[in-house]
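To start, the structure under review is shown below, and the notes come after it.
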Protein chains: 2
Amino acid sequence: MTLACDTGLRAAADAIAELMHRHGAQTRYGKDEEIFAQEDPADSVRLVISGAVRTTRLLGDGRRQVGAFYFPGELLLETGSVHRFSAEALCDATLLTVRASAIQATAGDRQLDRAIWEATRRELERTQDHVLTLGRKTACERVASFLIGLAQRGGADRVSMPMSRQDVADYLGLTIETVSRMLTQLQSASVVEFDGYRNFTVKRWDALENLAA
Amino acid sequence: MTLACDTGLRAAADAIAELMHRHGAQTRYGKDEEIFAQEDPADSVRLVISGAVRTTRLLGDGRRQVGAFYFPGELLLETGSVHRFSAEALCDATLLTVRASAIQATAGDRQLDRAIWEATRRELERTQDHVLTLGRKTACERVASFLIGLAQRGGADRVSMPMSRQDVADYLGLTIETVSRMLTQLQSASVVEFDGYRNFTVKRWDALENLAA
DNA sequence: CGCTGGATTGAGTCCGGTCAAGCCTTGTGG
DNA sequence: CCACAAGGCTTGACCGGACTCAATCCAGCG
């Protein structure tokens with residue numbers, strides 16, 4: 001578990017994927033099915049195989065904040081002993097779950113430590129970016145940043161957006177109406193083009209990146 | 001070093017404090033002096049001895065987001081190879097700095113790994129709370145949450161608030177005017193009482209916690 | 001087809017931002 | 001020790017971006 005330096009990172013990622021496939025149990029979840037709940041004991045690491053997942057927290061009066069979205073190949077891990085978020089499947093999804101005890105049983109494997117460390121580090125960096133977005137960006141900039149994030153992770157030209165407008169709103173600290181208006185606006189400006197509610201293509205990358213600030 | 005109460009955690013915290021005192025170089029920084037800059041190589045871990053520190057990020061057009069504040073006993077570590085934030089002293093401050101290479105030289109010390117891991121875990125959790133605050137809380141709730149955080153870390157009855165209104169605003173995603181109005185409001189409601197700009201006492205804890213949501 | 005629930009669109013409101021004085025501490029120099 | 005300057009903080013008036021409420025649209029599905 002070392003701070004800097006990227007050598008061996010790929011190997012670490014492979015190590016955990018391999019370990020998870022060896023020790024993990026594969027589970028299918030239906031749309032909106034709960035994967036774990038807030039306050040549940042956090043004793044597992046999960047790898048998304050297919051589909052997508054959101055993590056959420058609730059405020060006493062029902063206000064909801066989406067913490068993050070997870071796509072295939074990404075690790076869903078909570079670092080404490082109790083879940084601070086709940087997690088639900090955005091759409092039908094398959095996850096590979098490994099109990100922390102199984103991981104500890106292989107303790108001494110530095111590559112594994114390394115992989116979990118790297119996942120946590122990435123999570124922290126993503127969360128820090130999220131703070132900047134929520135703290136200092138306008139509605140339009142938030143939506144643009146969000147679309148960029150999706151498009152970058154998607155890889156393909158036509159980007160799939162499996163979450164609802166409500167999920168996007170709760171992720172960006174906005175309302176569904178505002179999200180909808182901004183998407184319409186971006187489309188009118190020919191920056192992106194939607195086909196259906198859940199798929200879009202980036203038409204003008206430079207414009208989108210400018211709008212994201 | 002005030003990490004939680006887990007077994008061995010205290011020991012881990014002590015381990016890093018001890019290591020830092022053994023290998024670290026103590027440096028003094030004046031008010032607003034830069035400790036490290038965004039984009040600088042991140043090759044050190046720092047322990048705050050006295051004073052306080054803020055980390056900040058800038059958007060292209062000058063909008064500023066404060067990532068976090070660090071007080072004595074807290075570790076200031078950036079997990080990647082390059083700083084994603086800059087750090088400045090809030091007031092005159094003393095820090096103990098250890099190069100990552102010195103830490104790697106003692107690799108094999110699991111307690112040390114553990115301490116850095118715990119610090120990162122805490123950082124992630126604090127950042128996640130920050131996201132909830134920025135995404136879903138009102139101005140008043142944000143300020144109340146912030147005061148609670150300060151008061152809890154301070155310990156004493158009379159809480160010191162070493163950062164400026166601008167720092168608070170940039171931390172909470174508000175303007176100095178709004179922060180000021182909320183503080184006035186909380187004081188009018190006898191929830192807190194300020195003496196001077198930089199010190200306050202919590203008068204009604206229950207009310208403050210209610211207001212923080 | 002018609003139903004249903006999510007998404008869009010519109011009108012009006014309000015919270016927090018902006019702009020502009022004015023105040024208060026703190027610090028400096030006489 | 002006081003006077004004064006300067007910068008940070010507060011307060012007020014006004015504005016505007018995002019929220020609220022409500023009507024309508026439309027894609028997906030039975």
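In the text below, chain A, chain B and the rest are named by the order of the sequence lines, each starting its count at 1.
Ion pairing of B:Lys137 with B:Asp129 is absent here, as no side-chain N (NZ or NE/NH1/NH2) approaches a carboxylate O to less than 4.0 Å. Using a cut-off of 4.0 Å between Lys/Arg side-chain N and Asp/Glu carboxylate O, B:Asp32 and B:Arg54 are scored as salt-bridged. At a threshold of 4.0 Å, the pair B:Arg121-B:Glu125 counts as salt-bridged, since one of the basic side-chain nitrogens sits closer than that to a carboxylate oxygen.
A:Val53 places none of its side-chain heavy atoms less than 4.5 Å from the side chain of A:Arg46. A 4.5 Å side-chain heavy-atom check between B:Arg64 and B:Gln166 finds at least one atom pair inside the cut-off. Contact annotation: the side chain of B:Met161 approaches that of B:Leu147 to within less than 4.5 Å [non-hydrogen atoms, C-beta and beyond]. Inter-residue side-chain proximity for A:Leu174 and A:Val143 is flagged as met; some heavy-atom pair is nearer than 4.5 Å.
Between B:Asp92 and B:Lys31, the closest heavy-atom pair is OD1-N, 3.1 Å.
Classified by interplanar angle (parallel below 30°, tilted 30° to 60°, perpendicular above 60°), the ring pair B:His83/B:Phe36 is parallel. Taking the six-membered ring where the residue is Trp, A:Tyr171 and A:Phe146 present tilted rings, their angle falling between 30° and 60°.
To the nearest 0.5 Å, the span separating OG1 on A:Thr127 from CD on B:Glu123 amounts to 10.5 Å. The CZ atom of B:Arg136 sits 14.0 Å away from atom CZ of A:Arg57, with the distance rounded to the nearest 0.5 Å. Here the CD1-CG distance, from A:Ile35 to A:Asp40, works out to 12.0 Å after rounding to the nearest 0.5 Å.
Using a 4.0 Å cutoff on non-hydrogen atoms, no part of residues 57-70 of chain B comes near DNA chain D. Of the residues in residues 135-146 of chain B, B:Thr138, B:Ala139 come within less than 4.0 Å of DNA chain C through at least one heavy atom, sorted by number. Against DNA chain C, the stretch residues 175-183 of chain A makes heavy-atom approaches under 4.0 Å through A:Glu177, A:Ser180, A:Arg181.
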Heavy atoms under 4.0 Å is the rule here; annotate nucleotides 21-27 of chain C 5' to 3' with B where the base is hit, S where only the sugar-phosphate is, and - elsewhere. ---BS--
Let me see the working for A:Arg28 and A:Thr94 under side chain to side chain donor-acceptor pair (under 3.5 Å), right down to the final yes or no. CA-CA 4 Å; A:Arg28 290 199 59 81; A:Thr94 310; 2.8 Å; yes
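Computed from coordinates, the A:Asp170 CG to D:dC19 C1' distance equals 14 Å when rounded to whole Å. Separating the CG atom of A:Leu174 from the P atom of C:dA7 is a distance of 15 Å, rounded to the nearest angstrom. Put simply, CG on A:Asp167 is 11 Å from P on C:dG6, counting in whole angstrom units. Rounding to whole angstrom units, CG of residue B:Asp195 and P of D:dC9 are separated by 15 Å. Rounded to an integer number of Å, the gap from CD of A:Gln185 to P of C:dA7 is 19 Å. Note: CZ (B:Phe200) to C1' (D:dC9) measures 17 Å, nearest angstrom. At whole-Å resolution of the value, CZ in A:Arg165 and P in D:dC26 are 14 Å apart. At whole-Å resolution of the value, CG in B:Leu134 and C1' in C:dG16 are 15 Å apart.
Taking the ring axis of A:Tyr70 as reference, the NZ or CZ atom of A:Arg126 stays within 45° of it and closer than 6.0 Å to the ring centre.
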With a cut-off of 3.5 Å and sequence neighbours excluded, list every side-chain donor-acceptor pair involving residues 194-213 of chain B.
{"unit_1": "B:Asp195", "atom_1": "OD1", "unit_2": "B:Arg158", "atom_2": "NE", "d": "3.1"}
{"unit_1": "B:Asp195", "atom_1": "OD2", "unit_2": "B:Arg158", "atom_2": "NH2", "d": "3.0"}
{"unit_1": "B:Arg198", "atom_1": "NH1", "unit_2": "B:Pro162", "atom_2": "O", "d": "3.0"}

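At its two ends the helix from C:dC1-D:dG30 to C:dG30-D:dC1 runs along axes set 40° apart, each axis drawn from five pairs and the angle rounded to 10°.
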